[in-house]
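Just so you know, these numbers use all the heavy atoms, side chains as well, and skip hydrogens, waters and symmetry mates. Numbering starts at 1 and runs along the sequence shown. Both counts, for ligands and for their atoms, begin at 1 and track the order of listing.
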Amino acid sequence: LWEAVLKHLTREGTGFHTPGHQGGKGIDPGLTDFWGMSVLRSDLTELPGLDNLYLPRGVIREAQQLMAEVHDAEASCFLVNGTTAGILAMLLAVGGPGKAVVVPRNCHLSVIHGLILSGSIPVFAYPEVDKPTGIPLGISLSTLQTVLEDNPATSAVFLLNPNYFGICGPLQEQVELCHHLGKVVLVDEAHGSHFTFHPRLPLPAMKAGADICAQSYHKTLTSLTQSSVLHWRNTSVAEERIQKAVTMVQSTSPSYLLLASLDIARRQMALHGYHLWEKALDRASRLRKKINGIEGFWCLNKEDITGLGFTDLDETRLVITGQDLGLSGQELANILTLTYHIDVEMAQGSYIVLIITPGTEERDCGLLFKALKEIALERKGSKRKKLFTGDLIPPLPLLRLTPREAWFARHRRVTLEQGIGQVAAEVVAACPPGMPVLIPGEEISPEICRFLTGKIETVNIVDG
Ligand SMILES: Cc1ncc(COP(=O)(O)O)c(C=O)c1O
C-alpha cells in the first residue's frame, strides 16, 4: 500500500478530486510550513491503483493479508476509527437484540456503546483485584466458569488483554473454556498489538486461539493515532458478516495517511520488531530498577503480583506509585506535567501508568528518573496516602432494561438521591476504581447512591 502511495506521488499529472486541499495546495500556509508538503500530498483518496477499503481488491487487500500473516490471523482488516470501531464491529457482528454477551465490568466505554448499537444483553464478570496493591487483574477462570454456568444462553465472551495496567489474565484457559462451551471469544487487545513481536511480552489473543480481536496499532506500535486493526481466525462467525459490520462503523473516505502508516508500521515490525522490542524491554527493565531504588517510589514488578486473574505483566508498562510520599496518582501526574513537562499515559487512584515503546529514548528515561528523584527528595517525610484499594467495587446493579432500550427511552436529569429506584440512562464511572458503577439500563440502588455520594465527597471524580 505504501509503495502504491509513493508511486502515485511520483507520477506527473494532476487531479480534480477530494480532498479539497488538493495535495496541500489549498491549505493555509501556516500548516503547510509546519507539516511540509509531503504529508499533505500523501493525504490521498480512492484513486486508480490505490484500492478501496470498503471493498478491497488491490493494494489494501494485499496490505491486510500481510498484516494477517504477521499476527497469525486468517484475515485482518484496517480500522481508521481506532479499536473503538473494531469493538463496535465485533458486537454488531456477533451480538444482537436479545443475545447475551459476557463482558468484563472494567470494559472500555466503546463496549457499552457496542451493546447499545447491537442491542445485546450484557452479563458482567468482575475482574479480580490484587488486594495488597489494589491493582485490577483479569477475570479468573473460576469466575468465568461460574458466569457461563449461570448464563448458559450467552453466545459470546468479551475479554480484555491486557488491562490498562499491562496485566493479562489466564487468556489461553479462558479461550479453551469458552470454545469448549461453544462461545465465540472476542478480545479487546487495544494495548497489546506489540505482543506478537517479542517472546518476553505476554501471549497475544490470536495465538491464544481467540476468534476475533481488535488492536490499537497506534497505542503501542508506531502507526498514526486512530489507526487500528481487527484480526480473526478459525471463527464460526462468517467473514462477510465481520467485514460488513466493520463498514458500518467506518468512514467511506478513510485517511490514506492512517492506512499507509499501518502498512509501514507492520513492515517495520515484521522486519525489526524483535530487535526494537528487545531494546524497549531492556530500557523499561533498567528504568524500573532505578525507580525502585528511589526511596518513596515503587514501580510494579511481575513478581509482585500473584493470584487468580493474573498470568503475566507487559513489562514495557511502568505502573508507579508515590503514595509513600503522600501523593495520589493524579497529584504525581500533575507535578510531572506542570513542573517537569513530562506527561503520563494515565493516572488513577494511587498510580500513574507510563508506556515504553521503541520510540522511547534513553534521554526520556533520564528525564523521568531525575524528576522522580527530585520529587522524592522534596516530599521526604510526607504522610502516606493510599487511595486505590480492592474494597472499592460497589455491588453489581440490577439490569432493568438493555443498554439499547435505556438509550432510546425517555430520560431526565435528577439528583443522585432522586435517582434511587430509577434506571440509569448513561454510564457513570468513578475513579478509583475506574470501572462503570452504572451503565444505561441499570437500576440506581440505595447502595450505589451511597457509594457515589462517598466518591463525590472524598475523591470528587464522577463521570456520567
Ligand atoms: C482498553 C481499551 N479498549 C479500547 C480502547 C479504544 O481504542 P481506540 O482509542 O484505538 O479507539 C481504549 C482506548 O483507550 C482502551 O483503553
Under the ring pair (Phe, Tyr, Trp, His ring centres under 6.0 Å) rule, collect the residues that match up with W277, sequence neighbours excluded. H194

Give a yes or no on whether the backbone of I87 and the side-chain of S110 come within a donor-acceptor separation of less than 3.5 Å. no

Counting C-beta onward and ignoring hydrogens, is there a side-chain heavy-atom pair between I212 and V94 closer than 4.5 Å? yes

Taking the basic N atoms (NZ, or NE/NH1/NH2) and the acidic carboxylate oxygens, is any pair closer than 4.0 Å for R200 and E278? yes

With rounding to the nearest 0.5 Å, note down the distance linking CG in N52 to CZ in R57. 9.0 Å

Heavy-atom proximity to atom 13 (C) of ligand 1 ranks first, among K219, E345, Q215, for K219

Any idea which protein heavy atom is nearest atom 16 (O) of ligand 1, and the distance to it? H191 NE2, 2.7 Å

Nearest non-hydrogen protein atom to atom 8 (P) of ligand 1, with distance, is T83 N, 3.4 Å

Using only heavy-atom distances, determine whether the side chains of S445 and E447 contain a donor-acceptor pair under 3.5 Å. yes

Is it the case that the side chains of D43 and H21 hold a donor-acceptor pair, with the cut-off being a distance below 3.5 Å and no angle test? yes

I'd like to know if V111 contacts ligand 1, where contact means a heavy-atom distance under 4.0 Å to any ligand atom. no

Which atoms of ligand 1 sit under 4.0 Å from any heavy atom of L160? 1 (C)

Between ligand 1 and S110, is the shortest N or O to N or O distance under 3.5 Å? no

Rounded at 0.5 Å granularity, tell me how far OH in Y351 sits from CG in L332. 12.5 Å

Are R267 and I264 packed together at the side-chain level, in the sense that at least one heavy-atom pair is separated by less than 4.5 angstrom? yes

Consider every N or O of H218 and every N or O of ligand 1, then say whether any pair is closer than 3.5 Å. yes

Can you name the atoms of ligand 1, numbered from 1 with element, that are less than 4.0 Å from a heavy atom of G82? 10 (O), 11 (O)

Atoms of ligand 1 under 4.0 Å from any heavy atom of S216, numbered from 1 in the order shown, are 7 (O), 8 (P), 10 (O)

Pull out every atom of ligand 1 sitting under 4.0 Å from any heavy atom of S228, numbered as shown with elements. 10 (O)

Among protein heavy atoms, which lies nearest atom 1 (C) of ligand 1, and at what distance? D188 OD2, 3.4 Å

Assess I87 for proximity to ligand 1: is some non-hydrogen atom of it under 4.0 Å away? yes

Considering non-hydrogen atoms of the protein only, which is the closest contact for atom 11 (O) of ligand 1, and what is the distance? T84 OG1, 2.6 Å

